[in-house]
Amino acid sequence: QVQVAESGGGLVQPGGSLRLSCVASGLFFSVDSMAWYRQAPGNDRELVANITNSGTANYLDSVKGRFSISRDDFMNAAYLQMNSLNAEDTAVYYCKAGVVRVGDGSRVTDYWGQGTQVTVDS
């Protein structure tokens, strides 16, 4: 079984910063791409940032220049550094890890975490 766990959410004032962490654990061969999504009340879940196993990152237009995604392959972890936060960034943030399970060859299976709440409010 594979588990994905996020941490680092909380309440922050506008203009502040937070760093989210995501760790994949369990029995698997490797982690392929990792991504952060978010979902605000009444909205669809949207892709915030993703990073491939070669380190290529992509971002939602509204977070470019403010958010930065990184990964630590030794720890099977991904991080989202969020700066200059504003109220529109308030949402539950979810991590998705694409995992190659033992015995699956090269097939990638996506696993999601439970989410961590980020609230930007003065």
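Counting from 1, the numbers follow the sequence of the chain as shown. These numbers come from the heavy atoms of this one structure, side chains and all, not from hydrogens, waters or symmetry mates.
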Shortest non-hydrogen contact between [X] and [Y], atoms and distance:
X: Val63; Y: Val48; result: CG2-O, 3.8 Å
X: Met34; Y: Arg71; result: N-NH1, 4.1 Å
X: Ala97; Y: Val4; result: CB-CG2, 4.0 Å
X: Ser21; Y: Trp36; result: O-CH2, 3.5 Å
X: Leu47; Y: Ala35; result: CD1-CB, 3.9 Å
X: Leu20; Y: Met82; result: CG-CE, 3.7 Å

Checklist outcome for this item: With Tyr111 as partner, the option from Arg101, Gln3, Lys96 fulfilling side-chain hydrogen bond (donor to acceptor under 3.5 Å, both in side chains) is Arg101

Gap between atom [atom2] of [Y] and atom [atom1] of [X] - 0.5 Å precision:
X: Tyr59; Y: Asn50; atom1: OH; atom2: CG; result: 9.5 Å
X: Ile69; Y: Thr56; atom1: CD1; atom2: OG1; result: 11.5 Å
X: Asn58; Y: Lys64; atom1: CG; atom2: NZ; result: 8.0 Å
X: Leu80; Y: Ser68; atom1: CG; atom2: OG; result: 8.0 Å

Using a 4.5 Å cut-off on heavy atoms from C-beta on, say whether the side chain of [Y] contacts that of [X].
X: Leu18; Y: Phe67; result: no
X: Asn83; Y: Ser17; result: yes
X: Leu11; Y: Asp121; result: yes
X: Asn76; Y: Ser25; result: no

Checklist entry - Is Val99 linked to Tyr37 within one hydrophobic cluster, defined over Ile, Leu, Val, Met, Phe, Trp and Tyr using a side-chain heavy-atom separation of less than 4.5 Å? => result no

Item to check | Hydrophobic cluster membership, Ile51 vs Leu60, 4.5 Å side-chain cutoff | outcome: yes

Checklist entry - Can you list every pair that meets salt bridge (charged side-chain N to carboxylate O under 4.0 Å, His left out) and has a residue in residues 74-93, with sequence neighbours left out? => result Arg38-Asp89, Arg66-Asp89

Item to check | CD (Gln114) with more than 12 external heavy atoms under 6.0 Å | outcome: no

Item to check | CG (Asn43) with more than 12 external heavy atoms under 6.0 Å | outcome: yes

Next on the checklist: Students often mix this up, so state it plainly: with edges at 30° and 60°, are the rings of Tyr94 and Trp112 parallel, tilted or perpendicular?
Outcome noted: perpendicular

With no hydrogens and no angle check, is any side-chain donor or acceptor of [X] less than 3.5 Å from a backbone partner on [Y]?
X: Gln39; Y: Ala91; answer: no
X: Asp104; Y: Arg107; answer: no
X: Thr90; Y: Val120; answer: yes
X: Gln13; Y: Ser122; answer: no

